[in-house]
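Okay, structure first, notes after.
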Amino acid sequence: MTKNLVIVESPAKAKTIGGFLGKDYTVRSCMGHVADLSKKDLGVDIADGFTPKYVISPEKKKVVAELTKLARESETVWLASDEDREGEAISWHLVEALNLEESRTRRIAFHEITKTAIQEAIESPRPIDRNLVNAQQARRVLDRLVGFELSPLLWKKIKPSLSAGRVQSVAVRLIVEREEEIKNFQSVSAYRIVADFLLKTDTRPVTVKAELNRRFNTKEEAVAFLKQCIAAQYGVEEVDTRPAKKSPAPPFTTSTLQQEASRKLGFSVANTMRVAQELYESGFITYMRTDSVNLSDMALAMARKEIGAAFGEEYVKTRKFSTRTKGAQEAHEAIRPTYLTNRTIEGDKSHKRLYELIWKRTIASQMADAELEKTTVTIGITGSADKFVARGEVVRFDGFLKVYMESSDEEEQNGEEGMLPPMSTGDRLDLQVMTAQQKFTQQPYRYTEAMLVKKLEELGIGRPSTYAPTISTIQKREYVVKEDRPGTMRNFTEITLKKGIITEEVKTEKVGYEKSKLFPTDIGTLVNSFLLKHFENIMDYNFTASVEEEFDEIAEGRLVWNSMISDFYWPFHKQIEETLESSGKVSGERHLGADPKTGLPVYVKIGRYGPMVQMGDSDADEKPKFASLNKGQSLETLTLEEALDLFKLPRTLGEFEDSPVVVATGRFGPYIRHHSQFYSLPKAVDPLAVDLPQAIEIMEAKRKADSQKILAEFNDGDRHIQVINGRFGAYITCNKENYKIPKSRDARSLTLEDVKKIMSETSPTKPKSKKKK
DNA sequence: CAGTGAGCGAGCTTCCGCTTGACTT
């Protein structure tokens, strides 16, 4: 029997708070939402004023049963879900699901997990804010209506199993449009003039690097300028020194953590979140899904102490950062180490690295500004109005730079600014070398996962808990792919003036090399243009922001939630019906030309299983031939020649062991089929060129590898039992049933008796049921 | 893992946001 039951959202939080509250309080977690719209149908009764049909989420049945029991035994139930729209709805759903009586239910909220914050919260409970709950309900119903009406439209018009939604469809649009910008980008070049000068000083001469204050559009102009400089003299005209300062970045939110972990550690968004979750569960960091840059007073005090002790008092400067993010709800603190005294932690490499990044960012955010001195030296040229400019930067006081500097997404930083020697007006400079470099304008950058998250956050689309899942959804649907692309070589001209002689040289540089960037697929592009054509309003980058304004009005009690939904739904539903009627099936079909042998037309289009080529018309007497596109080929750029090559498979190479050997392409790329066995072709082997001896070699290699996978084989009566070395360790298989081998046993030394014993003691796990893609 | 692409029709897919395990071969 317990007096008080406190319900929070996360188990790790429950553990910490339990320690603060003492024995009169039982603290449990509900693990997020316990109820959601029914999944079997639309889950919204449109005819009845959009009444939501809530059901207890199947995976939460156990939690709800347990909480119901505890609540019945308690005097008072404290609902301590997060203080934001979703948190308020969670509390409301708990009231409904646990059948809580109002008289012994209290709603409390806190933004920090500290003893004082929780005690204060307990002292000031409030009723559940029904307006806020209604705002969440409107958000939920709108997302369901959009997602569950748009997706089936795509199944009908384009391809089964596709999806669309308020967040994911805009994420795809960003990537498709960036690719179009790149495709349409016209690179122009200009000549940049840089020079090394020699400054004579009392001790020894020093080199000063400077750049001309203008660029030349043509080579002729650049050469003319260099010629003019052969006989020129150079002197310092002006020295301008001014102080500057740099301030640290705020502590991490989910989005900035994902960006920095991507830039500094090369982590994918999903990997960052997985490691952060584990750090949180081990008690090393505060909650990792947050949009707040705020630190608790306790954290600030810890920071002051830690910085003072480690670097000295002059390095301490605590700050309160405020969020600039659209729609931020700030239910939690920023992401920070629980104890700033721990510079590092025990754990594997990725945990250590992410933790240290969080520690540095948190500490730096509370350190003094860096004080710099920026110097600009203007260098005159006799006989010319143009000037060379040399820039230098000296750090007078490093401040937060001692610990951490935020990285930037810009790929090329223009010239590191170093130190300049002391100079004064009238100093003479001797030219050592002057170079005119042809510089091309850079195409827009492609998104990494983390850069896409940054962009979505700027647009106010999505929440900290959904950034990583959204990124993975659009990849799972094959709207976008994350890939490396090799880039191409480009020539550029460099003209040098040295010792009065001008020389010209053509050099090459690599451009367009991409690592782990997001590219749209043919399907992504096609779905995007379909949605843009018929649902421009949903695809608008400001759609979320404008509905969020209305959700805010609902939260303030100035707007009725289902009338807002009604105003949105009916015009939207009309768009759906009109599109159903007006639009035929969309396949992005292109006619490539005629097959030179038969004269039949060749098309490329999106089919039921993805991009494909077709030879012949479907209403002709002879059935058309079909073939899938290869990886890396695209609907937009495929040529007739490439299409004709695709029809050359399947190809029979000859006979081996009395059976034909056939090369073909399947869903996972080119393969060899022989005796109903499949053998993948290595990447380097061209399926159009491979011959029989080479194919046999590939098959034998696979057979050898497979034989090493089987650790042991037994025949027990009719049963054929194998011990196999699988991806997740060794296991036993028999009659398509798998059995785990206890960790204490060495799989290689098992006897038939051992195996039979394990099989009788453990229950089999069925291999994964085949899922359709 | 994998070989398909007519048309018929059954039965399936799908959203966003809050939170963890269970499970995989």
Side-chain angles (χ1 to χ4, degrees), chain A residues 8-13 29-37 39 42-43 57 59-60 62-63 81-82 84-87 89-90 93 136 139-155 159-169 277 280-281 287 289 329 331 461-467 469-470 473 477 544 587 605-610 612-614 617-620 623-628 649-650 662 664-673 676-680 709 724-733 738-740 765-768 770-773:
Chain A
V8 296
E9 290 184 34
S10 115
K13 205 169 171 180
S29 64
C30 64
M31 318 258 192
H33 279 293
V34 293
D36 191 17
L37 301 178
K39 237 186 170 119
L42 189 62
S57 307
E59 74 274 17
K60 300 290 166 56
K62 249 175 100 177
V63 176
S81 51
D82 297 344
D84 57 17
R85 202 163 64 200
E86 297 297 328
I90 288 173
H93 290 150
Q136 190 275 345
R139 198 280 304 154
R140 182 67 192 91
V141 167
L142 180 124
D143 282 335
R144 171 56 69 89
L145 292 172
V146 170
F148 275 37
E149 293 213 356
L150 276 184
S151 302
L153 183 67
L154 296 181
W155 306 342
K159 195 168 106 73
S161 301
L162 295 175
S163 67
R166 173 176 59 84
V167 173
Q168 59 168 284
S169 296
Q277 172 90 32
Y280 168 67
E281 283 168 9
Y287 197 58
R289 290 188 276 264
Q329 310 216 356
I461 299 171
R463 303 277 312 127
S465 67
T466 60
Y467 294 138
T470 300
T473 298
R477 299 270 174 277
T544 291
S587 69
K605 63 179 188 181
I606 301 272
R608 239 193 335 143
Y609 307 102
M612 62 164 198
V613 285
Q614 175 181 339
D617 287 306
S618 43
D619 51 5
K623 217 185 132 190
K625 270 168 81 179
F626 302 97
S628 290
L649 293 176
V662 179
T665 303
R667 218 152 63 71
F668 304 96
Y671 64 91
I672 300 167
R673 190 180 72 234
S676 59
Q677 286 282 322
F678 295 95
Y679 306 84
S680 287
K709 251 197 229 162
I724 293 179
N725 194 11
R727 197 149 63 96
F728 303 102
Y731 65 99
I732 298 165
T733 185
N738 299 331
Y739 302 81
K740 272 184 181 164
T765 53
K766 272 186 212 126
K768 197 168 54 175
K770 251 196 179 176
K771 263 193 201 158
K772 272 190 217 162
K773 275 209 80 170

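Since the model is a prediction, treat every value here as computed from it, not as a measurement. Below, read A as the first sequence line, B as the second, and so on, with proteins coming before strands; counting in each chain starts at 1.
Side-chain N or O atoms of S151(A) include one that pairs as donor or acceptor with a backbone N or O of A164(A) at under 3.5 Å. A donor-acceptor pair is defined here as one N or O able to donate and one able to accept, closer than 3.5 Å; no such pair exists between the side chain of T466(A) and the backbone of G462(A).
For DNA chain B, there is no stem of at least three Watson-Crick or G-U pairs with distances under 3.5 Å.
A salt bridge links K13(A) to D82(A): at least one charged side-chain nitrogen sits closer than 4.0 Å to a carboxylate oxygen. Salt-bridge annotation for K60(A) and D36(A): absent, with no side-chain N of the basic residue lying under 4.0 Å from a carboxylate O of the acidic one.
If you take CD of Q614(A) and C1' of dT4(B), they are 13 Å apart, rounded to a whole angstrom. When rounded to the nearest whole Å, the span between OH of Y679(A) and C1' of dA2(B) equals 14 Å. Remark: P of dC23(B) and CD of E59(A) are 14 Å apart, rounded to the nearest angstrom.
Residue contacts shown for S628(A) include a base, since a base heavy atom lies under 4.0 Å away. Residue G43(A) is out of contact with every strand shown, counting any heavy-atom pair closer than 4.0 Å. In this structure, S680(A) reaches the bases: a heavy-atom distance under 4.0 Å links it to at least one base atom across the strands shown.
Nucleotides dC1(B) and dG21(B) place their C1' atoms 27 Å apart, quoted to the nearest Å. Nucleotides dT25(B) and dA2(B) have their P atoms positioned 14 Å apart, rounded to a whole Å.
Between the side chain of T665(A) and the base of dG3(B), no donor-acceptor pair under 3.5 Å is found. Between the base of dG5(B) and the side chain of R608(A) there is no donor-acceptor pair shorter than 3.5 Å.
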List the protein contact pattern of nucleotides 13-19 of chain B with one symbol per nucleotide (5' to 3'): B for base contact, S for sugar-phosphate-only contact, - for none; contact means a heavy-atom distance under 4.0 Å. BBBBBBB
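The side-chain hydrogen bond (donor to acceptor under 3.5 Å, both in side chains) with H33(A) is formed by just one residue from the set R140(A), E86(A), E9(A); it is E86(A).
With contacts defined as side-chain heavy-atom distances shorter than 4.5 Å, the pair S29(A)/S10(A) does not qualify. Side-chain contact between Q329(A) and R463(A) is present, with heavy atoms from C-beta onward closer than 4.5 Å.
For the ring pair (Phe, Tyr, Trp, His ring centres under 6.0 Å) test, residues two or more places apart in sequence or in another chain that qualify with Y287(A) are Y280(A), H332(A).
Minimum interatomic distance between S161(A) and R477(A) (heavy atoms only, all atoms of both residues): O-CD, 4.0 Å.
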